[in-house]
Every structure is written in structure tokens, then in C-alpha cells.
Trainee: 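If you scroll down you'll find the structure; I have some questions about it.
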Amino acid sequence: MDASYVIECASMLLRWMHVIFAIAWVGSSFYFIWLDNSLKAPVDPVLIEKGVGGELWAVHGGGFYNPQKYLLAPRQLPDELHWFKWESYSTWLSGFFLMGALYYSQAGVYMIDANSAIQTPGAAVLTGMATLVTGWLVYDGLCRLLFNRSPLLFGAIYYGFVVITGFVLCHLLSGRAAFLHVGAMIATTMSANVFFWIIPGQKKMVAAMRAGQTPEPVHGKRGKQRSVHNNYLVLPVIFCMLSNHYAFIYSGPQPGLTLAVLLLAAALTRHFFNLRHKGIYRWQYPAAGLILLLAVFITHAPKAQPTTAQSARTTTLVDIRPIIADRCMACHSEKPTRMPSAPNGIKFDTDDAVRANAPKIFQQVVQMKAMPLGNLTGMTDAERAQFAQWFKDGAR
Ligand code: HEC
């Protein structure tokens, strides 16, 4: 079997798994946040006597549920206790391997572009991986330093760090690799929170209780700090992961700034939901998020495109064929040289195939300037104008 086909299959399988695990992780964590924020103090004296601090009733899937949260701990721990950790670990693992299959194995096309400061695939991969580790070390250091300080102060400082990282990565790598790595850095931090702090803390608490001692409250407090952070980081991470499918988002004139704005919009939206669970409606947060998003859309709208204006003669495929051969076929052909196989199955070997893709070509080359990918083949503005003219003349 052809190696490129194997990469394609691996990426399909890993992406599928990654999305499933992420749904399980985010789903369970959203559920517990909702639960925690929605609990009401019990009125039943039996529950109060048992040490229950909050409870609620819910109906779902034809059954009634009555979760109860203990203020400190139940007197007797049951033998079977459900833990939530593999959702997080498997999301990280599948994500890391997916990034390996796409970005690290094809760093020359995905991580580098005509303007990136780094131009060797090896250095790009190392930079990407170093970002994941550095991101965690800086975050963890900040958490320890600011353990008893206001969460808002922590949020502001960490946000500043992420924004700076975004600017640096947008300078060093291609826009899409930069956006993806900022997301992967935050996601790594979230999984590391679960692995290094939340789960070990819970284990210590359970061990203490099984030994008949009172667990030290610091474990619970640390776990809570990290888990609140994870909660605010989810939406920004999902945004970064999806940004890769929208070239205009990461290929604008100021990608670092765009990223900063959109991460803020995502966190503000999350804040709204957290308050809403408690019955507090602060619409100004999602409204601000939406305004920021709209600002990005408006500032990134394609400008009116210059055409070659040789109005005497229509531009046809005969004129742009040589440009396609020079600038596109290295990736989009039966036997591409720069990629293992033609991306998205788009090949320009025949004239019919070019014509059939004309609207997409116009969008990618003229409007978004997303193609050639990272302008690795050095397309000029004059050539883009010729594409614009060709499309205007009816893409014949
Ligand atoms: C260095 C490799 C490379 C070069 C050169 C390149 N492309 Fe692409 N192209 C890609 C990749 C990779 C994708 C898939 C994009 C993605 O996954 O976001 C793609 C996707 C596309 C798409 C599909 C977008 C969609 O919405 O499905 C079109 C159309 C396209 N390219 C046109 C072109 C044209 C026209 C040129 C030449 C001017 C060109 N490409 C040059 C790598 C390349």
C-alpha cells in the first residue's frame, strides 16, 4: 500500500478518535460544572445529617436522577468510585498523534510558509513540541506563584503569556501551524493539570479517607483551581483546533492579534455559561464575544480584487495553465512532489478538473490568498490578478 494512503487513513482514524474522546472529556467536564453550579442546599434533615451540602433532581432518558455532593466527604467511601481521567488522556494522546501524522510528518508544507522565520522542517517540529512543554512549565509556575491570589489576576497574566506565544509562533511558523500549536499548548496544559494535579490530589484525598484520616484541604483547593482554569480554556482550545479549516482566520495581516481577539471572545462566552448555571444572566459577555468575532470577520473581508484589465481579450485557461503548472501542481496533481497525495483530492491534471473547481480556486487564490499553501511556490500578485481576470471572464 502506498505510504501517502496510509497517512491519509491514519489521519482519518485519529481525527475520528480525537473528536470522540474530546466529546467525552468536554462533555463530562461541562456536566460536572453545570452540576456544581446548579446544586441547591438540601432541606431533608436525613441528607443534612449525612453531610450532603448540595443536591438536585434531574430527568433524562426516561429516568430520574438525584446527584448529591458531600460538603467534606461521606463517612464511608464506597468500594466502587468512578474516576474521570481517561477522557482527558486519550484526547491528548490522539491529538498528539494526529498532529504528528499531519503536521510533523509534513512539516515542510504545513508548518512553514513563504514568510515564516523558520524555514527547515526539523526546526519547525522542534519549535512546535517545545511550545507544548514550555506552555505547561510557565502555566504551572504561575499557578504556584499565584495560588492564593485573585483568579482574575491569574487569568490576565496567563492570557498575556498565551498572546505573546501566539505572536512569536505566528512569526516563526506558518499561520495555521501557529494557531494549532497555541491550541495544542493550552490543551496540553489542561491534560497535564488532570495528570499532575487533579488526579494525584484526589488519590491522596481518597487514600487519607480510607485510612480513616481527614484529607488535607489543600488537595481539594488545588484541584479546584486547576479545574476552574480548564473550564475557561475549553472554548479557546476548540476555536484554535477549528481555525485550521478557515484560512482567512490565520492568514490575515495580523494573525497574532486575530488570535488574541478570538481567544478572548471564547473565554468571555464561557464566562456567560458559568454564570448562567447559577441563574445569573450577563448577556454583555457573549455580546462582547460576538462583537469581537464580527470585528475579525469585517476586517478580514476580501478586498475588491485587481484584475489584469486586458479587456481587449478574454483570459482563458491557456493563459493560466502555465501558472497552475508552476504554482499548484507540485501539490495538486496525480503525482505531486511536495505532498504525499493531492490534498482534498483536488488535482489539476486535466482542463475539466480546473474548470470544475473554478469557484473554489477563485476563493482560495484570489479572495483568501490561502493557496498556494503558505505561498510555498511563490505566487506573485500579478499572477493572482490573472486568476481574477480568468474567473471574471467566465473561467473558460
Ligand atoms: C504546498 C502545497 C500546495 C500548493 C502549492 C497548492 N495547494 Fe491547494 N491545497 C493544499 C492543501 C494542503 C489543501 C488542503 C487545505 C486544508 O486542509 O486546509 C489545499 C486545498 C486546496 C483547495 C480546496 C479548498 C477547499 O475548500 O476544499 C483548492 C481549491 C486549492 N487548494 C487550490 C490551489 C491552487 C489553485 C493552487 C495554485 C495556485 C494551490 N492550491 C497550490 C496544498 C497546496
Side-chain angles (χ1 to χ4, degrees), residues 4-5 7-8 10-12 14-15 18-19 98-99 101-116 118-121 124 173-181 183 239-252 255 302 305 308 315-317 319-392 395:
S4 65
Y5 184 64
I7 293 187
E8 193 76 355
S11 114
M12 199 265 137
L14 285 165
R15 194 183 295 260
H18 186 52
V19 172
L98 178 60
M99 199 148 74
L102 285 175
Y103 280 73
Y104 296 159
S105 82
Q106 305 170 73
V109 286
Y110 279 118
M111 300 189 72
I112 290 171
D113 68 20
N115 302 316
S116 55
I118 290 181
Q119 286 293 332
T120 46
L173 304 173
S174 71
R176 62 186 292 158
F179 274 47
L180 191 73
H181 274 84
F239 160 75
C240 290
M241 299 301 164
L242 295 183
S243 70
N244 270 240
H245 301 280
Y246 300 93
F248 73 94
I249 298 246
Y250 57 76
S251 51
Q305 296 306 323
T308 43
T315 302
T316 67
L317 205 49
D319 303 286
I320 65 158
R321 203 16 124 180
I323 313 178
I324 292 181
D326 276 359
R327 311 297 188 205
C328 316
M329 302 277 285
C331 297
H332 294 286
S333 62
E334 270 319 323
K335 295 238 171 302
T337 50
R338 294 192 78 133
M339 301 221 49
S341 65
N344 293 17
I346 300 211
K347 301 170 192 168
F348 300 137
D349 300 272
T350 67
D351 288 354
D352 281 346
V354 177
R355 287 195 196 95
N357 282 304
K360 270 193 180 177
I361 295 176
F362 177 71
Q363 186 206 35
Q364 296 290 321
V365 175
V366 181
Q367 289 191 306
M368 300 301 166
K369 297 198 171 74
M371 288 292 141
L373 190 71
N375 203 8
L376 288 169
T377 47
M379 190 173 211
T380 63
D381 284 345
E383 287 168 342
R384 286 189 207 279
Q386 267 184 287
F387 268 80
Q389 188 66 43
W390 167 67
F391 192 75
K392 201 174 152 207

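Counting starts at 1 for both ligands and their atoms, following the listed order.
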Trainee: Give the numbers and elements of all ligand 1 atoms closer than 4.0 Å to a heavy atom of Val109.
Mentor: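 Per the distance check, 1 (C).
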
Trainee: Looking at Leu376, which atoms of ligand 1 are within less than 4.0 Å of one of its heavy atoms?
Mentor: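 Under 4.0 Å from Leu376, ligand 1 has these atoms: 1 (C).
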
Trainee: Just which atoms of ligand 1 are under 4.0 Å from any heavy atom in Thr377?
Mentor: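 Atoms satisfying the 4.0 Å criterion: 5 (C).
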
Trainee: Can you tell me which residue and heavy atom of the protein come closest to atom 16 (C) of ligand 1, and the distance to 0.1 Å?
Mentor: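 Checking every protein heavy atom, the shortest distance to atom 16 (C) of ligand 1 gives Arg176 NH1, 3.6 Å.
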
Trainee: Among protein heavy atoms, which lies nearest atom 14 (C) of ligand 1, and at what distance?
Mentor: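 Here the closest protein heavy atom is Asn344 OD1, 3.6 Å.
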
Trainee: What protein heavy atom sits nearest atom 35 (C) of ligand 1, and how far away is it?
Mentor: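 The answer is Val365 CG2, 3.4 Å.
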
Trainee: Which heavy atom in Pro255 sits nearest to a heavy atom in Phe179, and how many Å separate them?
Mentor: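 Residues Pro255 and Phe179, closest heavy atoms: O-CZ, 3.4 Å.
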
Trainee: Using a 3.5 Å cut-off on N or O atoms only, is Arg327 in polar contact with ligand 1?
Mentor: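 Not met; the criterion fails.
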
Trainee: My understanding is that we take every heavy atom of each candidate and find the minimum distance to atom 12 (C) of ligand 1. Doing that for Ala330, Pro343, Ser333, which one comes out nearest?
Mentor: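 Nearest option to atom 12 (C) of ligand 1, by heavy atoms: Pro343.
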
Trainee: Please tell me if the side chains of Gln367 and Phe248 come closer than 4.5 Å, counting only heavy atoms from C-beta onward.
Mentor: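 No, their side chains stay 4.5 Å or more apart.
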
Trainee: Write down the atom of Met339, the atom of Pro343, and the distance for their closest heavy-atom approach.
Mentor: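 That closest heavy-atom pairing would be SD-CG, 3.9 Å.
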
Trainee: Can you find an N/O atom of Gln363 closer than 3.5 Å to an N/O atom of ligand 1?
Mentor: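 There is no such contact.
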
Trainee: Identify the protein heavy atom lying closest to atom 2 (C) of ligand 1, giving its residue, its atom name and the separation to 0.1 Å.
Mentor: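 Ranked first by proximity to atom 2 (C) of ligand 1 is Cys331 SG, 1.9 Å.
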
Trainee: Quick check: does any side chain N or O of Arg338 sit under 3.5 Å from a backbone N or O of Cys331, one acting as donor and the other as acceptor?
Mentor: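 Judged by distance alone, no pair lies under 3.5 Å.
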
Trainee: Which ligand 1 atoms are under 4.0 Å away from a heavy-atom of Pro372?
Mentor: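 Atoms satisfying the 4.0 Å criterion: 5 (C), 6 (C), 38 (C), 39 (C), 41 (C).
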
Trainee: Could you list the atoms of ligand 1 found under 4.0 angstrom from a heavy atom of Ile361?
Mentor: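 Listed by number with element, the hits are 35 (C).
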
Trainee: Using heavy-atom distances, let me know which of Met368, His245, Glu383, Gln364 sits nearest atom 28 (C) of ligand 1.
Mentor: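 It is Gln364 whose heavy atom sits nearest to atom 28 (C) of ligand 1.
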
Trainee: Kindly indicate, with the supporting measurements, whether the criterion side-chain contact (heavy atoms from CB on, under 4.5 Å) is fulfilled by Leu317 and Ile320.
Mentor: CA-CA 5 Å; Leu317 205 49; Ile320 65 158; 3.8 Å; yes

Trainee: Which atoms from ligand 1 have a heavy atom of Ile346 less than 4.0 Å away?
Mentor: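 Those of ligand 1 that fall under 4.0 Å from Ile346 are 22 (C), 23 (C), 28 (C), 29 (C).
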
Trainee: Counting backbone and side-chain atoms alike, does Cys328 have an N/O/S atom under 2.8 Å from atom 8 (Fe) of ligand 1?
Mentor: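 No, outside the cut-off.
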
Trainee: For residues Met329 and Thr337, determine if any side-chain heavy atom of one lies less than 4.5 Å from a side-chain heavy atom of the other.
Mentor: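 With C-beta onward as the side chain, the pair stays apart.
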
Trainee: Counting heavy atoms only, name the option from Met371, Arg338, Lys360 that's nearest to atom 33 (C) of ligand 1.
Mentor: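 Looking at heavy atoms only, Met371 sits closest to atom 33 (C) of ligand 1.
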
Trainee: Need the ligand 1 atom indices (1-based, order shown) with element for anything under 4.0 Å from a heavy-atom of Phe348.
Mentor: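 Ligand 1 atoms under the 4.0 Å threshold to Phe348: 32 (C), 33 (C), 34 (C), 35 (C).
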
Trainee: A quick test of your reading: do over 12 heavy atoms of other residues, nucleotides or ligands sit less than 6.0 Å from CD of Glu8?
Mentor: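 No, not enclosed.
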
Trainee: Evaluate Tyr104 against His181 for ring-ring contact (aromatic ring centres under 6.0 Å, His included), listing each step before the verdict.
Mentor: CA-CA 12 Å; Tyr104 296 159; His181 274 84; 5.7 Å; yes

Trainee: Nearest heavy-atom pair of Arg321 and Phe348: which atoms, and what distance?
Mentor: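 What the structure gives for the nearest pair is NH1-O, 2.9 Å.
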
Trainee: Using a 4.0 Å heavy-atom cut-off, which part of His332 comes near ligand 1: side chain, backbone, both, or neither?
Mentor: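 Within the 4.0 Å criterion, His332 contacts ligand 1 through side-chain atoms alone.
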
Trainee: Taking all non-hydrogen atoms of both residues into account, name the closest pair between Ala358 and Trp390 and its distance.
Mentor: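 Looks like CB-CH2, 3.8 Å.
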
Trainee: To the nearest 0.5 Å, what is the distance between CD1 on Ile346 and CD on Gln364?
Mentor: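 Answer for the CD1-CD pair, Ile346 versus Gln364, is 7.5 Å.
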
